[in-house]
J.: 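One structure, pasted below without further comment.
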Protein chains: 2
Amino acid sequence: MSTQAPAPTRREQILKEAARLFAERGFHGVGVDEIGAAVGISGPGLYRHFPGKEAMLAELLVGISGRLLTGGKRRAAEGEGAGRAPAEVLDSLIEGHIDFALDDRPLIILHDRELDRLRDTDRKLVRSLQRQYVELWVEVVREVYPRLAEAEARACVHAVFGLLNSTPHLGRPGALPGRAATAALLHRLALGAFEGAHGADGEPGSAEAGQAR
Amino acid sequence: MSTQAPAPTRREQILKEAARLFAERGFHGVGVDEIGAAVGISGPGLYRHFPGKEAMLAELLVGISGRLLTGGKRRAAEGEGAGRAPAEVLDSLIEGHIDFALDDRPLIILHDRELDRLRDTDRKLVRSLQRQYVELWVEVVREVYPRLAEAEARACVHAVFGLLNSTPHLGRPGALPGRAATAALLHRLALGAFEGAHGADGEPGSAEAGQAR
DNA sequence: CAGCGGGGTTAGTGGTCGTTAACCTGGTGG
DNA sequence: CCACCAGGTTAACGACCACTAACCCCGCTG
């Protein structure tokens, strides 16, 4: 474990504090002086590490989107390589996303809150990564719940993301017993949501309109 | 229906456009000139209607928090007055929240995104309204799913709010067939989530730790 | 020991933004 | 006809803020 955290570099410190501050007060609500102060240097010293304030946000958002996607891809590949059932792969995806949501709360917040503050090129990259991540989920979900049309499945995935990403809101008094219990509860909630969506098809006549691909 | 929309007053126009802009670009990302331009007047003309930019945000957030709470109270009272089962009351709460989420997307976004930009007094008021709304749900949820400890139920409610409030994210191509289908899907997702949380108690030994009150 | 470059510092600088001031106008009641 | 007032306008002010410039220090390496 000592190789995992070999004294964080200054860049990493800055990114971590910037993420926290951006999540707390919004991108426009935080000044570079505050970010600098949070890591012990002051103001324009940040420009020795980043070309600008927006570059920090970009790196944060690209980073988390990329890590989510690669993590998801790895889990999907593990399931496909072995003969694992799709339901197990979905379990694994859910677990991975919960880990992110619980361990990187500020990033989860930024991830769907400050995307529009990026330059076009960065924003497109992040959106592309996010879209791939969603489509990864959609494929797995449709294997597990084949009665869901593609559009329905996508809506379900977005909704479950909203559910899993709600962790920031329940952090106030450390309400839940512990991390493991919270993770287990979120897992059950997510699975239940998919089950519920799959259960009855709601209005008949709306489902078969969505062609498979 | 003509009495419902008797030509929107200027104040209402301003609030509506301000909500849209705040939701799109964040409170700090929108200038008063843009808000004014969105309603056909320009810049400081807004100060004939509001004492300042923050007052607009405050009115928006207090408004939606209040409407959510009063709507929830009404639905709970209707269920209690008649001999309705708690499950029906929960259905009604879910339906009401979905209506808000689908009809007032910008406000739903602001509601959990820009709360910290308010003055202390306003923020406390909004938080109080939000807390009462959550507690209303928690009570109903615990009647329907009595095996949930209070803290668990509260976490579930927050998570389901996250789920229902995810509607902004799926709006891109009008993915789902129509409003009714989307609402039905969200309803099934929410109910399924509660069912999933209630299903197996996860780790035994963690549940009975949470005292009822 | 020279030099040099990574990583700081403080002092501007230009631009944006919320807010105020001063002024205008068209309708309305006495 | 006059006073007034709700609801605008433009101009300006002051604060803030991202970013740049100029300078500095110190641990290397040759």
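Every chain is numbered from 1 and lettered A, B, ... according to where its sequence line falls, protein lines coming before strand lines. Computed from a predicted structure; not experimentally measured.
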J.: So which pairs with a foot in residues 155-164 of chain B pass side-chain hydrogen bond (donor to acceptor under 3.5 Å, both in side chains), sequence neighbours left out?
T.: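 The answer is none; no pair qualifies.
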
J.: For DNA chain D, determine which residues of residues 51-63 of chain B have any heavy atom closer than 4.0 angstrom to one of its atoms, and list them numerically.
T.: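 Correct list: empty, so none.
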
J.: Can you tell me which residue pairs pass the ring-ring contact (aromatic ring centres under 6.0 Å, His included) test with a partner in residues 102-122 of chain A, sequence neighbours excluded?
T.: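 For residues 102-122 of chain A: none.
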
J.: Indicate yes or no for a side-chain donor-acceptor contact from B:T182 to the backbone of B:G178 under 3.5 Å, with no hydrogens or angles considered.
T.: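 Yes, because the side chain of B:T182 sits within donor-acceptor range (under 3.5 Å) of the backbone of B:G178.
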
J.: Among all residues two or more places apart in sequence or in another chain, which pass the side chain to side chain contact (heavy atoms under 4.5 Å, CB included) test with A:I41?
T.: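 Side chain to side chain contact (heavy atoms under 4.5 Å, CB included) check on A:I41 returns A:R10, A:V39, A:L46.
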
J.: Working to the nearest 0.5 angstrom, can you tell me the gap between B:L191 CG and B:L186 CG?
T.: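 One finds 11.0 Å between CG of B:L191 and CG of B:L186.
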
J.: So A:Y145 and A:F194, would you call those rings parallel, tilted or perpendicular, with 30° and 60° as cut-offs?
T.: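 The rings of A:Y145 and A:F194 lie parallel, inter-plane angle below 30°.
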
J.: Once side chain to side chain contact (heavy atoms under 4.5 Å, CB included) is applied, do any residues pair with A:A190, and if so which ones, sequence neighbours excluded?
T.: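 Side chain to side chain contact (heavy atoms under 4.5 Å, CB included) list for A:A190, sorted by chain: A:I94, A:V160, A:L164.
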
J.: Quick check on DNA chain D: between A:G31 and B:I41, whose nearest nucleotide comes earlier from the 5' end?
T.: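 Its nearest nucleotide lies further toward 5', so the answer is B:I41.
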
J.: Counting only heavy atoms not in B:E80, do more than 12 sit closer than 6.0 Å to its CD atom?
T.: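 No, CD of B:E80 has 12 or fewer neighbouring heavy atoms, counting only those of other groups under 6.0 Å.
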
J.: Going by the rule side chain to side chain contact (heavy atoms under 4.5 Å, CB included), which residues pair with B:K16 if we only count those two or more places apart in sequence or in a different chain?
T.: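 Once residues adjacent in sequence are excluded, B:K16 has no partner under the side chain to side chain contact (heavy atoms under 4.5 Å, CB included) criterion.
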
J.: Would you mind writing out the side-chain donor-acceptor pairs for residues 57-73 of chain B within the sub-3.5 Å range, not counting sequence neighbours?
T.:
from	atom 1	to	atom 2	distance (Å)
B:E59	OE1	B:R11	NH2	2.5
B:E59	OE2	B:R11	NH2	2.6
B:S65	OG	B:L61	O	2.8
B:T70	OG1	B:G66	O	3.1
B:T70	OG1	B:R67	O	3.2

J.: Scan for side-chain hydrogen bond (donor to acceptor under 3.5 Å, both in side chains) pairs involving residues 93-102 of chain B, sequence neighbours excluded, and state none if there are none.
T.: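 Qualifying pairs, neighbours excluded: B:H97-B:Y133, B:H97-B:N165, B:D99-B:R179.
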
J.: Let me check the geometry of the helix from C:dC1-D:dG30 to C:dG30-D:dC1. What is the bend angle between the axes at its two ends, five pairs each, to 10°?
T.: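 Here the helix ends are tilted 0° relative to one another.
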
J.: Name the first nucleotide and the last nucleotide along DNA chain D (5' to 3') that come under 4.0 Å of a heavy atom in chain B.
T.: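 Terminal contacting nucleotides, 5' to 3': D:dG7 to D:dA11.
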
J.: Flag the pair A:L189 / B:C156 as yes when at least one side-chain heavy-atom distance between them is below 4.5 Å, and no otherwise.
T.: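 Contact flag for A:L189/B:C156 side chains = yes.
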
J.: First contact, last contact: which nucleotides of DNA chain C are these for chain A, 5' to 3', heavy-atom distance under 4.0 Å?
T.: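 On DNA chain C, the outermost contacted nucleotides are C:dG7 to C:dA11.
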
J.: I'd like to check the side chain to side chain contact (heavy atoms under 4.5 Å, CB included) partners of A:E54; sequence neighbours left out, ordered by chain and number.
T.: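 Only A:F27, A:R119, A:D122 meet the side chain to side chain contact (heavy atoms under 4.5 Å, CB included) criterion with A:E54.
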
J.: Pick base, sugar-phosphate or nothing for A:V30, based on heavy-atom distances below 4.0 Å to the nucleic acid.
T.: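 Sugar-phosphate contact only.
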
